[in-house]
Amino acid sequence: MDNRIWWKEAIVYQIYPRSFKDSNGDGIGDLRGIISKLDYIQSLGVDAVWLNPIYKSPNDDGGYDISDYYSVQPEFGRMEDFDDLLKGLHQRKLKLIMDLVLNHSSDEHPWFQESRKSKDNPHRDYYFWKPGKHGGPPNNWPSFFGGSAWEQDQPTGEYYLHLFSRKQPDLNWENPLLREELNKLMKFWLDKGVDGLRLDVISAISKQTDFPDTDTPDFNETIRKYYANGPRLKEFIKESKEKVWDHYDVMSVGEGPGITPQNAKDYLDEQDGLNMIFHFGHMFMDQGAGGRFDPIPWTMKDFKQVFKTWDDAFKEKGWGSVFLGNHDFPRMVSRWGNDRDYWEKSSKLLFTLLLTMRGTTFIFQGDEIGMTNTRLSAVSESKDIETQNGWREAQKKAITEKDFLKAANYAGRDNARTPMQWSDEPNGGFSQGKPWMNLNENTSDFNVEAEQHDSHSILNYFRQMTNFRKANRVLTYGSYQPLEALPDSLFLYFRESDKEKLLIVLNFSDQVTNLPDLVRPKISERLIGNYSDPGNTDNVRAWEAIVYRCKT
Ligand code: ISL
Ligand code: CA
């Protein structure tokens, strides 16, 4: 416990700039908007902000399609605004983690504009180009966003690879010149003094350059077997670390779809790896073979198992990141809690989990007030390319709009992207103009302003919990020991150091449940919980969350 590391102790607040706060009335959240909320962010008790991409982009995929890595998206502001934001964060002792997208660029990036011109263009090999096969694409790879991962392009008639949208061509890391360019742009941002990098789909930067056909209809298996974990992934990470990250006091967290508990250690070496990865064990649990828009039921048994499996993996090497939602997934309380009858209790329970688990905590904007899924009544209301393209594919399978909407409203990314609910003013206090995306209908029912003044609100519980984590370092550095518990809806675990032991009790159900006889004698004191009446140690109430100190 002596060896303290800031990013292991950090609680990270994720900001999706387009939906956070609009400062100039154009309906789009921006950097000045974030600056105006810095005191609020600080008041949450978090240590760092992860900013979703803010670079210049045609915005085909929420800014994950970058056309200039060196400038700020004009809708979000100018470089001066960025510098002020960084300064404002640092003045408040908050760190900044930038989101870098290095697996692909925008097709409007000058590299791609050059690359597509001719087969012998000097930038040709910045991307992957292949002739077609049998009158179709070079192989059968599906894109994350539906349809083929290859697009035929004139003037050369060859196909280029795009694992995401056709406006996001994959960069060819095999090319050392490209890698030098990426190192250069990383240095540009690190020289400004940012404190960490979140590296988008880092798991996919090394390709199987013979591009074999996938042999499985299961999309997540295709990611694991063909897109992620490529032959040079470890080497590329090591090179970035040695050439760039090691020269700064900076933390790295890689987004790792397709990384498994078995191979995570390969990429998380202290000497030559990333500090952390985001794994998707729990996030993909309810996706069927068809991926996001093919939902299947999930069970608490599997959910608990994911935390155990990954904690075991990180015992050996690396460090975990703990999250229950982000800009790519439905709202945490709508997905894992009960956003109707136990909205408040289950939101608080989920925070108790996030802030007592081993691993760095990441929370997504709006979750701190219990924001819920939104409801699209037509696909045309969706602002997300994934949903739009998903619908195009669904139509080919004769799926009705009603059925598709059911899946999209359950799993779609629009759910996470509705603007922040600041107050009950028009547009929830998000913007003076017409918001780029409709606010959730429940904005007047709950918002930051209302929760601010309610000492029992989700917001104030979140603040209590961030303080609680800070005050109990065992929650960062102690071991994680889950307990076998029946019924499955009960999630019980110990966090233990050589000095102390805590028991966390989480009831993921609407039912009152008995606390197992086995643990009751171990309890000495209730430290915190989401019911104001402490209750007793026999029963755990609906969606109750409690942290006990144990006898040692
Ligand atoms: O959400 C997922 C499952 O359907 C993930 O597989 C996700 O698409 C994947 O992790 C990559 O996400 C990241 O890169 C995308 C971008 O659209 C996402 O917003 C970003 O988080 C392409 O840059
Ligand atoms: Ca704006």
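First listed ligand is number 1; within each ligand, the first listed atom is number 1.
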Notebook entry, point to check: Is there a donor-acceptor contact under 3.5 Å from the side chain of Ser148 to the main chain of Pro142?
Noted result: no
Next item on the list: Would you check if the distance from the ring center of Tyr69 to the ring center of His109 is below 6.0 Å?
Entry: yes
Margin query: Counting C-beta onward and ignoring hydrogens, is there a side-chain heavy-atom pair between Ile54 and Met98 closer than 4.5 Å?
Written below: yes
Notebook entry, point to check: Hey, which atoms in ligand 1 end up nearer than 4.0 Å to a heavy atom of Asp61?
Noted result: 15 (C), 16 (C), 17 (O), 22 (C), 23 (O)
Next item on the list: Taking only heavy atoms of Glu386 into account, list the atoms of ligand 1 that are under 4.0 Å away from them.
Entry: 4 (O)
Checklist line | Residue, atom name and distance, where the atom is the protein heavy atom closest to atom 4 (O) of ligand 1 | finding: Arg292 NH2, 3.1 Å
Next item on the list: Look at atom 15 (C) of ligand 1 and say which protein heavy atom is nearest, naming residue and atom and giving the distance to 0.1 Å.
Entry: Phe164 CE2, 3.7 Å
Next item on the list: Look at Ile28 and state whether any of its N, O or S atoms is less than 3.0 Å from the Ca ion (ligand 2).
Entry: yes
Margin query: Please name the atom of Asp22, limited to N, O or S, that comes nearest to the Ca ion (ligand 2).
Written below: OD1
Next item on the list: Run down the list Glu255, Arg417, His327 and name the one with the heavy atom closest to atom 12 (O) of ligand 1.
Entry: Glu255
Item checked: Atom name of the N, O or S atom in Asp30 that lies nearest to the Ca ion (ligand 2) -> OD2
Item checked: ligand 1-proximal atoms of Phe145, by part, heavy-atom distance under 4.0 Å -> side chain
Check: Mind checking whether Phe278 has a heavy atom under 4.0 Å from ligand 1?
Finding: no
Checklist line | Centroid-centroid under 6.0 Å between Tyr16 and Trp50 rings | finding: no
Next item on the list: May I ask you to identify the nearest protein heavy atom to atom 3 (C) of ligand 1, giving residue, atom name and distance to one decimal place in Å?
Entry: Phe284 CE2, 3.4 Å
Item checked: atom 19 (O) of ligand 1: the protein heavy-atom neighbour that sits closest, reported with distance to 0.1 Å -> Asp328 OD1, 2.7 Å
Next item on the list: Give the contacting part of Met283 toward ligand 1: side chain, backbone, both or neither, where contact means a heavy-atom distance below 4.0 Å.
Entry: neither
Next item on the list: Please state whether Gly291 comes within less than 4.0 angstrom of ligand 1, counting heavy atoms only.
Entry: no
Notebook entry, point to check: Is there a side-chain contact between Phe145 and His162 (heavy atoms, below 4.5 Å)?
Noted result: no
Check: Do the side chains of Thr387 and Asp414 get nearer than 4.5 Å, heavy atoms only?
Finding: yes
Check: Do Leu38 and Leu85 come within less than 4.5 Å of each other through their side chains, counting heavy atoms only?
Finding: yes
Note to self: Tell me whether Asp65 contacts the main-chain N or O of Asn59 through its side chain, where contact means a donor paired with an acceptor under 3.5 Å.
What the structure shows: yes
Check: Does any non-hydrogen side-chain atom of Arg417 lie less than 4.5 Å from one of Lys383?
Finding: no
Notebook entry, point to check: With a cut-off of 4.0 Å, which atoms of ligand 1 are near a heavy atom of Arg198?
Noted result: 21 (O)
Margin query: Quick check on the Ca ion (ligand 2): does Ser23 put an N/O/S atom closer than 3.0 Å to it?
Written below: no
Notebook entry, point to check: Side chains of Glu449 and Gln421: closer than 4.5 Å at any heavy-atom pair?
Noted result: no
Next item on the list: Find the distance between CG (Leu161) and CZ (Arg166) and round it off to the nearest 0.5 Å.
Entry: 14.0 Å
Note to self: When you measure from the side chain of Arg358 to the backbone of Gly320, do you find a donor-acceptor pair of N or O atoms at a distance under 3.5 Å?
What the structure shows: no
Margin query: Only heavy atoms of Arg413, strictly under 4.0 Å: list the atoms of ligand 1 that pass.
Written below: 16 (C), 17 (O), 18 (C), 19 (O)
Item checked: atom 8 (O) of ligand 1: nearest protein contact (heavy atom, Å) -> Phe144 CD2, 3.8 Å
Check: In ligand 1, which numbered atoms sit nearer than 4.0 Å to a non-hydrogen atom of His104?
Finding: 22 (C), 23 (O)
Notebook entry, point to check: For Asp26, what is the atom name of its N, O or S atom nearest to the Ca ion (ligand 2)?
Noted result: OD1
Next item on the list: Could you label the plane-to-plane angle of the Phe278 and Phe323 rings as parallel, tilted or perpendicular, counting under 30° as parallel and over 60° as perpendicular?
Entry: perpendicular
Margin query: Using a 4.0 Å cutoff against the non-hydrogen atoms of Gln287, which atoms of ligand 1 qualify?
Written below: 3 (C), 4 (O)
Checklist line | Top protein contact for atom 20 (C) of ligand 1, by heavy-atom distance | finding: Asp200 OD1, 3.2 Å
Item checked: Distance, nearest 0.5 Å, that separates NE2 of His104 from CD1 of Ile205 -> 12.5 Å
Notebook entry, point to check: Which of the atoms in ligand 1, numbered in the order shown and given with their element, are less than 4.0 Å from a heavy-atom of Val201?
Noted result: 11 (C)
